[in-house]
Amino acid sequence: MKNEKAKNPYNLTIKESRAILKSNMREMKRLEKIKRKRVSAEHFTAQMKNPDNVLEVENLHTYFFTDNGVVKSVNGISFDIPQNSIVGLVGESGCGKSVTSLSIMQLVQAPQGQVVDGEIRFAANDYRTDDRGKRIPVYKRNENGEIITQPKLDKHGNPVLNKEGKPVTEPIREVNDDGMFVYETAETVYDIAKMPTEDMARVRGKDISMIFQEPMTSLNPVFTIGYQIEEVVYLLHPLATKEQARAKAIKMLKLVGIPMPETIIDYYPHQLSGGMRQRVMIAIALTGNPKLIIADEPTTALDVTIQSQILQLIKNVQKQCNASVLLITHDLGVVAEMADYVVVMYAGKIVEKGTVYEIFDNPLHPYTMGIQKAKPTFESDIGADLYSIPGNVPNPINMPNECLFKDRCNRRCGKCEGEYPQEIKVTDTHSVFCHLYKK
């Protein structure tokens, strides 16, 4: 066993395996208990450091407790998403992009996957509630600010009378463009990393929505697409009628460019193409009028021509809805076309971030330079081999606190043997994590 251990340091003895299992079980139980604990809203409310941001991720750690050790999928990342902007999260497969998005949505596979540290501050438009915990309706008011009333009618349309025989009045409620009741809201900043699982329903699907990368499996094959959109409407507006929910579903299908929505609404997913299914997924994500849309490689399963249409649709919808978008991809061409800001990840950490112009015109980190060189261009020589970054991604289990790219870097220096480099600000918006830029 000692010889095998010397050949491969990741081989475990039975004693080591049991110790890992015991430690993992103890930590998972502790974290699950915290998530299920009922606490007041003050426990997970926060304050945005910059009021112009819709989301602020600070020192986020998301780990997976496996039989072989702790996989640090997201290992202390920090970035912001400004209002009405598109932020591209870039990196090769396995760097932690999707785990970051799942952490924001609180959808990491539990109990093995856990957010163990950090803050995820999000500015939500939460419903205001009364002493009984019910939403406060918005009523129509006259020029003097007084609530307008009308005669109350019974189910037959006749006026309701009180004991004295006088007609009973009731306040007139405000409705939105879809004819559904409006409730009072107030901007509240939540720390999603501390929110109990039950309270996450306040923001998930309403203020934060997600477009998954696989439209073939994201839709339920046994329900019509209209049913699946209407389901979201009922969750957000419990008093909506069938007619209102169907009208809203048709409206959303029109918004995402689906032809003949009155007919398509009764189709099942298998009757639609991949591009059409992805449009339906976008329609579902937009039904709640979210402030933040997370698009996790939304064009991976689509052909090239449909990819362009879907990306243009996301960009148009983002402008129409005044929403922000976190676009997760490994395609730098997509980022250059779509994003306002870029965050580059490698092995669970951020290596560089800045505006799209700073990242593409002045890349600083050797990894950022490498992934840009690896993309073919029209100037590339015919028949020439594509550039590839040498070496392999480090083992994600129990990663040390050091530069994880140093073994693949062609600019490695003596400073790289120390701890992981601190953030170095080049401009107000451009920063890099690399020892080469230490003063």
* Flag side-chain contact, heavy atom, 4.5 Å: Leu326 against Ile104 -> yes

* To do: Evaluate whether atom CG of Asp428 has more than 12 neighbouring non-hydrogen atoms of other residues, nucleotides or ligands under 6.0 angstrom away.
  => no

* Can you list the residues that meet the side-chain contact (heavy atoms from CB on, under 4.5 Å) rule with Leu313, with sequence neighbours excluded? -> Val256, Arg279, Ile282, Val317

* Asked: Are any side-chain N or O atoms of Ser324 and backbone N or O atoms of Pro82, one a donor and one an acceptor, separated by less than 3.5 Å?
  -> yes

* Within the side chain of Arg202, is there an N or O that forms a donor-acceptor pair under 3.5 Å with the backbone of Asp126? -> no

* For residues Met252 and Val280, determine if any side-chain heavy atom of one lies less than 4.5 Å from a side-chain heavy atom of the other. => no

* Are the side chain of Glu174 and the backbone of Val182 linked by a donor-acceptor contact shorter than 3.5 Å? -> no

* To do: To the nearest 0.5 angstrom, please state how far the NZ atom of Lys251 sits from the CD1 atom of Ile229.
  => 13.0 Å

* Please identify each residue that fulfils side-chain contact (heavy atoms from CB on, under 4.5 Å) with Ala19, with sequence neighbours left out. => none

* Asked: When you measure from the side chain of Thr100 to the backbone N and O of Gly96, does any donor-acceptor pair fall under 3.5 Å?
  -> yes

* Asked: What distance do Ile77 atom CD1 and Lys97 atom NZ have between them, rounded to the nearest 0.5 Å?
  -> 11.5 Å

* Asked: Would a distance-only check, ignoring hydrogens and angles, find a side-chain to backbone donor-acceptor pair under 3.5 Å from His156 to Asn158?
  -> no

* Asked: For Asp130, does the CG atom have more than 12 heavy-atom neighbours from other residues, nucleotides or ligands under 6.0 Å away?
  -> yes

* **Leu153 backbone acceptor or donor facing Glu170 side chain under 3.5 Å** => no

* To do: Return yes if some donor-acceptor pair links the side-chain N/O of Arg246 with the main-chain N/O of Glu230 below 3.5 Å, else return no.
  => no

* Structure fact -> Between the CD1 atom in Ile359 and the CE atom in Met369, the distance rounded to the nearest 0.5 Å is 10.5 Å

* Between Tyr190 and Asp199, do the side chains contain an N or O donor and an N or O acceptor separated by less than 3.5 Å? -> no

* Any chance CZ of Arg173 has more than 12 other-residue heavy atoms, nucleotides or ligands included, within less than 6.0 Å? -> yes

* Asked: Which atom names give the shortest non-hydrogen contact between Val356 and Val342, and what distance separates them?
  -> CA-CG2, 3.8 Å

* Asked: Would you say the side-chain atoms of Asn50 pair up with the backbone N or O of Asp52, donor to acceptor, closer than 3.5 Å?
  -> yes

* Asked: Where do Ile389 and Ile371 land on the side-chain contact (heavy atoms from CB on, under 4.5 Å) test, with the steps shown first?
  -> CA-CA 8 Å; Ile389 300 174; Ile371 57 176; 4.0 Å; yes

* Do Ile20 and Asn68 come within less than 4.5 Å of each other through their side chains, counting heavy atoms only? -> no

* Structure fact -> Heavy atoms of Glu198 and Arg38 approach each other most closely as OE1-NH1, 3.3 Å

* Asked: Near Lys194 NZ, under 6.0 Å, is it more than 12 heavy atoms from other residues, nucleotides or ligands?
  -> no

* Around atom CG of Asp361, are there more than 12 heavy atoms of other residues, nucleotides or ligands at under 6.0 Å? -> yes

* Heavy-atom distance under 4.5 Å between the side chains of Phe79 and Ile81, does that happen here? -> yes

* For residues Leu219 and Pro269, report the shortest heavy-atom separation together with the two atoms involved. => CB-CG, 3.9 Å

* Using ring pair (Phe, Tyr, Trp, His ring centres under 6.0 Å) as the criterion, list what pairs up with Phe223, not counting sequence neighbours. => Tyr227

* Is the closest side-chain heavy-atom distance between Gln278 and Ile211 below 4.5 Å? -> yes

* Within a reach of under 6.0 Å around NZ of Lys425, are more than 12 heavy atoms found that belong to other residues, nucleotides or ligands? -> yes

* Over all atoms of both residues, closest heavy-atom pair of Ala347 and Pro394 -> CB-CG, 4.3 Å

* Asked: Can you tell me how far CD1 of Ile136 sits from CZ of Arg128, rounded to the nearest 0.5 angstrom?
  -> 5.0 Å

* To do: Please step through side-chain contact (heavy atoms from CB on, under 4.5 Å) for the pair Tyr234 and Lys242, ending with a clear verdict.
  => CA-CA 9 Å; Tyr234 289 129; Lys242 291 183 179 180; 3.5 Å; yes

* Structure fact -> With Val335 as partner, the option from Leu89, Val90, Val343 fulfilling side-chain contact (heavy atoms from CB on, under 4.5 Å) is Val90

* Distance-minimising heavy-atom pair for Ser101 and Met210 -> OG-CE, 3.3 Å

* **Set of side-chain contact (heavy atoms from CB on, under 4.5 Å) partners for Tyr127, sequence neighbours left out** => Arg135, Tyr183, Thr185, Lys206

* **Tyr341 atom OH, neighbour heavy-atom count above 12 within 6.0 Å** => no

* Asked: Donor-acceptor pair, Asp191 side chain versus Ile120 backbone, under 3.5 Å?
  -> yes

* Is the closest side-chain heavy-atom distance between Lys254 and Glu262 below 4.5 Å? -> yes

* **Electrostatic pair Glu56:Arg121 at N-O distance under 4.0 angstrom** => yes

* CD1 of Ile264 to OG1 of Thr224: how many Å apart, nearest 0.5 Å? -> 12.0 Å

* **Exercise: identify the closest heavy-atom pair between Gly288 and Leu236** => CA-CD1, 3.2 Å

* Asked: Taking C-beta and beyond as the side chain, do Val116 and Phe65 meet within less than 4.5 Å on heavy atoms?
  -> yes

* **Nearest-0.5 Å distance, CG of residue Asn24 to CD of residue Gln114** => 11.0 Å

* **Pro298 vs Ile314 side-chain heavy atoms within contact, under 4.5 Å** => yes

* Using the six-membered ring wherever Trp is involved, compare the ring planes of His270 and Tyr268 and label them parallel, tilted or perpendicular (cut-offs 30° and 60°). => parallel

* Asked: What residue among Phe405, Tyr420, Phe433 forms ring pair (Phe, Tyr, Trp, His ring centres under 6.0 Å) with Tyr346?
  -> Phe405

* Salt-bridge present (Lys49, Glu119; N to O < 4.0 Å) -> no

* To do: May I ask you to decide if Ala123's main-chain N or O and Lys291's side chain share a donor-acceptor pair within less than 3.5 Å?
  => yes

* To do: May I ask you to say whether Glu32 pairs ionically with Lys29, meaning some side-chain N is under 4.0 Å from a carboxylate O?
  => no

* Begin from the C-alpha positions of Asn125 and Asn289 and carry the test side-chain contact (heavy atoms from CB on, under 4.5 Å) through to its verdict. => CA-CA 11 Å; Asn125 286 330; Asn289 194 25; over 6 Å; no

* Can you check side-chain contact (heavy atoms from CB on, under 4.5 Å) on Met180 and Leu239, steps first, answer last? -> CA-CA 8 Å; Met180 288 175 275; Leu239 299 180; over 6 Å; no

* Asked: Should we count CG of Asp131 as having more than 12 external heavy atoms under 6.0 Å?
  -> no

* Not counting sequence neighbours, which residues clear side-chain contact (heavy atoms from CB on, under 4.5 Å) with Arg141? List them please. => Ile147

* Using side-chain hydrogen bond (donor to acceptor under 3.5 Å, both in side chains) as the criterion, list what pairs up with Glu402, not counting sequence neighbours. => Lys406

